[in-house]
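Please read the structure below before turning to the comments.
One-based numbering, in listed order, for ligands and for the atoms of each.
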Amino acid sequence: AEEDAPRWPPNACLSGGEVFDFIVVGAGSAGAVMASRLSEVSEWRVLLLEAGGDPPEASRVPGRVGELRHSASEWGYRRADDGVSARAQRRAGAGAAAGAGRGLGGTSAVNHMIYTRGHPEDYNSWERDGLSGWSWDQVRPYFLKSEHLQDDVIMNSKTLSPHHNYTGPMRVTRERTSDANSKHKVNILLDAMNDIGIKRIVDYNGPDQFGISHAYSTHSRPRAERSSTAQAFLPAARANLHVLRHTTATRILINIYHAAVGVEAVLNNRTVRFYASVEVICSAGVYNSPKLLLASGVGRESELEALGLYPVAELPVGHLLERPAAPLLLAGAPSRHHYSTYLPTYSPDYLPYPETIGFFSINDHSRPEFEIIGLYFNQSSPLIIPYFNNTLCYNDEVVFSILEKNYEHELFVVNIVLLHPKSTGRVEITGVGVDDAPVIHTGLFSDREDLVTMREGLKHMVRLTETEYFKDVRSEVVRVRLPRCEHLEFMSDEYWECYALELGAATGDAGGSCGAGGAGGAGGVLDAALRVRGVRRLRVVDASALPALPSANLNAPVIMMAEKITDEIKKEYNKI
Ligand SMILES: Cc1cc2nc3c(=O)[nH]c(=O)nc-3n(C[C@H](O)[C@H](O)[C@H](O)COP(=O)(O)OP(=O)(O)OC[C@H]3O[C@@H](n4cnc5c(N)ncnc54)[C@H](O)[C@@H]3O)c2cc1C
């Protein structure tokens, strides 16, 4: 019966011209939360516009990122080829895929489901840089508000329990593989990390983020079903919440008094208009929110002029914060069992999934410099292609060399993420039509300091080979086939820099393209309440609004922002 119950809200029946109190554009991590929380006020009529449809069935199952990435639930954007980074990701000259979910739940319906909040210092620095109201103490309740942690160990721990909530709408759990060998090897990896100074902890979302533990993810248990924001926040029906799918907003309507009054959108190949009497909220994501603002005359004047658009507010829209990640591969024990290992346990539905997450620093200890995402692959694992080819999109040479090694050895994969790169990128718009894709310049490694930091992070991880288990099995760093690095001495500084440029790719945790004021160099497009400067009744609430990247994957921080802003709107109108 549960399977038959309506999973998603019905589609609104609208033809254009209707008036609402709020219009939210985009039903992703932020938009679904905004629409859901605003429509808790029964007298507010809320319209949620979404370019895509319902999330596909595959999105319910953890670990299927590789296949979702190439489906209709993705915008299919590509990053501009910068000739510098992600060189081993390119295929036939095309830039690397830039992930962006399309449909209810947005990117939360297609992402890796890692649940991280970041470090208090991230948010305290926003506050210090002029974003009043965003200190850790002020944002923490909003992380908790959305969380529904399903984990007895944490719940029963006096010290850890207060850092979590057990009644919010979004299921969160600590991932643990059910496969006995993988379980054992994940424990070995956690202990080895401890031995190289990255302490083994239980809860990086608890009192101290530094250290490594089992990964937290946004899915339920015991049945592992993804908790996207669509699944968690969008009620199957609510009379005052109108959800319109397959409707792409093309412009925010801004009147001569610089107030947002509605949205123009394409519905069934027809241009229609909807009106908002209170506010328009733009939650179209890191690549589409800047496009919508520019299409509405908000942006740099030179860019607007080039597009033939009338300028409404001159603001630095399009600044992009992205971060690189590069995997280090360690070959572990050659197994005597070989394929027979899979006979009792192999399940075709079990897919590669981050088992461990950690945070560490080499230089700056005020907050983490690196995130570690650890995975384990059995020998001759059927998951190598789904992970390295479909998900990380590496070229055939890279994938074949990994397959070759994995044919005889188990593999430990440690993705090293540079959390706070100095390099910045840009989102550019070449046209404002529905099919005009934004041009995404990641800017990865354009500041040399990032390359040096990444190199040092990789070298730090190599120390794992000196720990007990890895020494016992004579573990070695896998020499992935990278023709451009082959002339360099293996594991020299030059080699690691070359390696980082080849394999270091943007993680998808992109933000800042309509950044809130003052902080982190992201821009000042928005004020501390995420209102667009110079335009009334218009906010941007999504990853693009981030003033700087926190030490976290962005889903939970973006949801936190939406929780906080809806609370503030309700307070402003005396609804709580
Ligand atoms: C491949 C990948 C893996 C990731 N893994 C993780 C992870 O494991 N953990 C984590 O915390 N973070 C992860 N992230 C990052 C995180 O998921 C995103 O930062 C976050 O979901 C962004 O939320 P958002 O609200 O800004 O945008 P989105 O969730 O992308 O929502 C934007 C929505 O707006 C819609 N839209 C866009 N334009 C229009 C328009 N013109 N009209 C109508 N609708 C429109 C889109 O279809 C979409 O539904 C990952 C990102 C990627 C790309």
Looking at ligand 1, is there an atom of it that comes within less than 4.0 Å of some heavy atom belonging to W75? yes

Of all the non-hydrogen atoms in the protein, which one sits nearest to atom 8 (O) of ligand 1, and at what distance? I114 N, 2.8 Å

At under 4.0 Å between heavy atoms, what of K291 touches ligand 1? The answer is neither

Filtering P438, A249, P557 for the heavy atom nearest atom 40 (C) of ligand 1 leaves A249

Nearest-contact summary for atom 19 (O) of ligand 1 - protein heavy atom, Å: L554 CB, 3.4 Å

So is there a nitrogen or oxygen of T248 less than 3.5 Å from a nitrogen or oxygen in ligand 1? no

Closest to atom 53 (C) of ligand 1 (judged by heavy-atom distance), picking from G31, A230, G99: G99

If hydrogens are left out, which of V434, T107, L68 has an atom nearest to atom 28 (P) of ligand 1, that is, the closest non-hydrogen atom? T107

Would you tell me whether T229 and S108 have side-chain atoms, one donor and one acceptor, within less than 3.5 Å of each other? yes

Is it true that F377 and F412 have ring centroids separated by less than 6.0 Å? no

To the nearest 0.1 Å, how far is atom 26 (O) of ligand 1 from its closest protein heavy atom, and which atom is that? A543 N, 2.8 Å

Can you pull out the closest protein heavy atom to atom 39 (C) of ligand 1? Residue, atom name and distance to 0.1 Å, please. A284 CB, 3.9 Å

Determine, using ring centers only, whether F359 and Y204 are less than 6.0 Å apart. yes

Check E74 with R102, please: is the shortest side-chain N to carboxylate O separation under 4.0 Å? no

Interatomic spacing from CZ in F233 to OG in S29 - rounded to 0.5 Å: 9.5 Å

Answer yes or no for T247: is there a heavy-atom contact with ligand 1 below 4.0 Å? yes

Modelled atom types, side-chain donor and acceptor of S551 and H420, under 3.5 Å: yes

State, without any angle test, whether T173 and D151 hold a side-chain donor-acceptor pair at a distance under 3.5 Å. no

Distance to 0.1 Å, residue and atom name: give those for the protein heavy atom nearest to atom 20 (C) of ligand 1. S29 OG, 3.4 Å

Side chains of S39 and R238, donor plus acceptor under 3.5 Å: yes

What protein heavy atom is closest to atom 1 (C) of ligand 1, reported as residue, atom name and distance in Å? R69 NH2, 3.9 Å

May I ask you to check whether F143 and Y115 place their ring centers less than 6.0 Å from one another? no

Assess the side chains of D203 and H164: does a donor N or O sit below 3.5 Å from an acceptor N or O? yes

Among G285, A100, S73, closest by heavy atom to atom 27 (O) of ligand 1 is G285

Pick one of side chain, backbone, both or neither for how S283 approaches ligand 1, counting any non-hydrogen atom pair under 4.0 Å. backbone

Is the contact between N288 and ligand 1 made by the side chain, the backbone, both, or neither, using heavy atoms and a 4.0 Å cut-off? side chain

Please confirm whether D542 comes within less than 3.5 Å of ligand 1 when only nitrogen or oxygen atoms on both sides are compared. no

Might you work through the side-chain contact (heavy atoms from CB on, under 4.5 Å) test for Y142 and D567, ending with a clear yes or no? CA-CA 9 Å; Y142 296 107; D567 227 31; 2.7 Å; yes

With heavy atoms only and a cut-off of under 4.0 Å, state how V558 meets ligand 1: side chain, backbone, both or neither. side chain

